Amino acid sequence: MKEWQGISEFVAVAELGSFSKAAKVLGISVAQVSRTVLQLEQRLNCKLVLRTTRQVRLTEQGTLYYQQCRALVNGLQQANQLLTSLQHEPSGAIKITAPVYYGEQFIAPLLHEFLLRYPKVQLDLQLTNDQLDLVQGGFDCAIRLGQLTDSSLQAKALGKRTLYLCASPDYLQKFGTPATVAELHQHRCLVGSVDFWRFEQQGQKLQFKPQPYLRCNSGVALTDAVLKGLGVTQLPDYYLQPYLEDGRLVALLAEQQPQDEGIWALYPLNRHLPVKVRLLLDWLQQGLENSPKAIAQNVC
């Protein structure tokens with residue numbers, strides 16, 4: 001494609017500040033580098049490089065154009081590396097962290113399958129509900145759930161989760177079924193590690209601060225409590241799905257149910273992501289999309 005001609009040469013000149021150095025790195029003649037950059041400027045009808053006998057520097061337009069072209073060249077290099085990795089088996093260590101329950105139930109089984117597929121990879125998986133510092137801890141990536149707050153990290157979407165407000169039939173028979181979010185003040189609320197429950201009504205996001213009848217930072221323990229009729233709780237689908245399907249739990253306030261939240265892989269911003277890590281994240285994304293829970297949600 002003509003639009004790509006001269007991009008690599010221009011980026012090399014911009015970074016090295018010299019046509020001769022760019023030619024040496026690219027393995028072509030200085031005349032060819034100069035000619036392709038000039039042809040690029042002519043196609044764009046814009047001066048990108050100021051040439052003098054002593055130095056080469058970018059114009060204002062050239063600086064802006066370089067910033068965009070650098071991303072294109074990075075993408076091309078990553079694409080080439082990916083093809084190479086498919087021909088040469090990935091190897092080396094990968095360090096990853098994930099929440100405890102979700103990591104045990106969904107992430108770890110997929111990682112084990114990844115190790116069977118790529119036996120030269122060594123994996124360090126740390127399961128914790130604490131949000132660890134990726135750079136300080138030397139992590140390649142982290143699995144995070146729900147709403148993201150740290151803008152210093154790059155995010156890749158792996159899947160989605162659904163929040164359900166629910167209670168057992170026995171509890172609802174004794175205490176009644178809430179018809180609105182406001183009526184939750186009259187109910188026994190089983191609360192986890194978040195201070196607010198999230199809802200949505202006619203496109204507007206709502207927050208409700210429950211008064212805890214029981215507070216516990218374990219989703220497994222809250223699931224047991226709601227199954228035993230102790231109150232009402234809001235939890236992600238991966239805790240509740242089988243009990244909602246067999247009727248042991250009842251979903252409440254369906255019309256105010258919030259939109260699905262993301263399941264994310266996070267890694268440090270502006271860090272070059274190794275091919276083995278990108279392969280792992282693609283593996284997780286495909287595995288989570290093909291999980292029985294995800295397929296059931298798509299069918300519904």
Side-chain angles (χ1 to χ4, degrees), residues 98-113 125 127-129 142-148 156-173 175 177-178 181 184 187-194 196-201 205-206 208 210 212-265 283-300:
V100 176
Y101 180 81
Y102 193 82
E104 290 173 340
Q105 298 296 315
F106 296 95
I107 300 300
L110 291 173
L111 294 180
H112 299 161
E113 293 172 5
L125 172 62
L127 299 180
T128 174
N129 293 331
I143 306 302
R144 300 272 169 84
L145 311 174
Q147 298 176 333
L148 299 179
K156 175 182 175 65
L158 300 181
K160 294 181 179 180
R161 71 174 188 176
T162 304
L163 289 177
Y164 286 104
L165 183 76
C166 66
S168 70
D170 288 344
Y171 174 87
L172 297 176
Q173 186 175 5
F175 298 96
T177 302
V181 173
L184 291 175
H187 286 267
R188 296 179 174 180
C189 296
L190 313 178
V191 182
S193 57
V194 297
F196 292 91
W197 289 351
R198 294 189 288 277
F199 300 93
E200 189 167 328
Q201 188 168 11
K205 295 182 178 180
L206 305 175
F208 171 77
Y213 176 72
L214 167 68
R215 180 185 287 277
C216 181
N217 64 351
S218 166
V220 173
L222 288 178
T223 302
D224 181 71
V226 73
L227 283 168
K228 291 178 177 175
L230 291 181
V232 178
T233 194
Q234 187 181 63
L235 285 171
D237 47 9
Y238 42 82
Y239 290 107
L240 308 172
Q241 198 74 42
Y243 311 117
L244 292 171
E245 291 175 356
D246 65 19
R248 281 185 282 174
L249 291 178
V250 178
L252 306 173
L253 301 182
E255 294 183 356
Q256 284 79 45
Q257 185 168 306
Q259 291 187 1
D260 288 353
E261 298 179 334
I263 298 168
W264 310 93
W283 182 279
L284 290 176
Q285 183 182 47
Q286 183 177 4
L288 293 175
E289 288 177 350
N290 294 331
S291 69
K293 179 181 71 66
I295 293 173
Q297 287 177 335
N298 292 333
V299 171
C300 295

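Owing to the predicted nature of the structure, the values given are computational and were not obtained by experimental measurement.
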(message) With a 6.0 Å cut-off (strictly less than), is the heavy-atom count around CD of Gln259, excluding the residue itself, greater than 12?
(response) no
(request) First locate atom CD of Glu261, then atom NZ of Lys160, and finally report the distance between them rounded to the nearest 0.5 Å. (result) 11.5 Å
(message) Within the structure provided, determine whether Pro178 and Leu172 are in side-chain contact (heavy-atom separation under 4.5 Å).
(response) yes
(request) Kindly give the heavy-atom pair with the smallest separation between Pro212 and Pro210, and that separation in Å. (result) CD-O, 3.4 Å
(message) For Pro99 versus Ile143, what's the shortest heavy-atom pair and its separation?
(response) CD-O, 3.2 Å
(request) Calculate, to the nearest 0.5 Å, the distance between atoms CD1 and OH belonging to Ile263 and Tyr238 respectively. (result) 6.5 Å
(message) I'd like to check Arg188 versus Phe175 (side-chain heavy atoms, cut-off strictly below 4.5 Å). Are they in contact?
(response) yes
(request) Without swapping roles, check the side chain of Glu289 against the backbone of Gly159 for a donor-acceptor pair under 3.5 Å. (result) no
(request) Compare all side-chain heavy atoms of Lys205 with those of Arg198 and state whether any distance is below 4.5 angstrom. (result) no
(message) To the closest 0.5 Å, what do you measure between CG (Leu284) and CG (Leu111)?
(response) 5.5 Å
(message) Tell me whether Asp224 at atom CG has more than 12 heavy atoms from other residues, nucleotides or ligands lying less than 6.0 Å away.
(response) yes
(message) Ring-plane angle category for Phe208 and Trp197, please: parallel below 30°, perpendicular beyond 60°, tilted otherwise.
(response) tilted
(message) With a 4.5 Å cut-off on side-chain heavy atoms, are Tyr213 and His187 touching?
(response) no
(message) Would you say that Tyr171 contacts Leu230 through its side chain, given a criterion of any heavy-atom pair below 4.5 Å between the two side chains?
(response) no
(request) Indicate yes or no: at least one non-hydrogen side-chain atom of Leu235 is less than 4.5 angstrom from one of Leu222. (result) yes
(request) Please report the shortest heavy-atom distance between Val250 and Pro169, naming the atom on each side. (result) CG2-CG, 4.0 Å
(request) Measure the CG-CG distance between Leu214 and Leu190 for me, rounded to the nearest 0.5 Å. (result) 5.5 Å
(request) Determine whether Gln257 and Thr162 make a side-chain contact, defined as any pair of heavy atoms from C-beta on separated by less than 4.5 Å. (result) yes
(request) Rounded to the nearest 0.5 Å, what's the gap from CG on Leu158 to CD on Gln286? Could you check? (result) 12.0 Å
(message) For Cys166 versus Leu249, what's the shortest heavy-atom pair and its separation?
(response) SG-CD1, 4.0 Å
(message) If you compare all heavy atoms of Leu184 against all heavy atoms of Cys189, which two are closest, and at what distance to 0.1 Å?
(response) O-SG, 3.8 Å
(message) Counting C-beta onward and ignoring hydrogens, is there a side-chain heavy-atom pair between Tyr239 and Val226 closer than 4.5 Å?
(response) no
(request) Look at the side chain of Asp237 and the backbone N and O of Tyr164, then say whether any donor-acceptor pair between them is shorter than 3.5 Å. (result) no
(request) Can you see which heavy atom on Leu110 is nearest to which on Gly287, and at what distance? (result) CD2-CA, 3.8 Å
(request) Would you give the length of the straight line joining atom CG of Leu288 to atom CZ of Arg161, rounded to the nearest 0.5 angstrom? (result) 13.0 Å
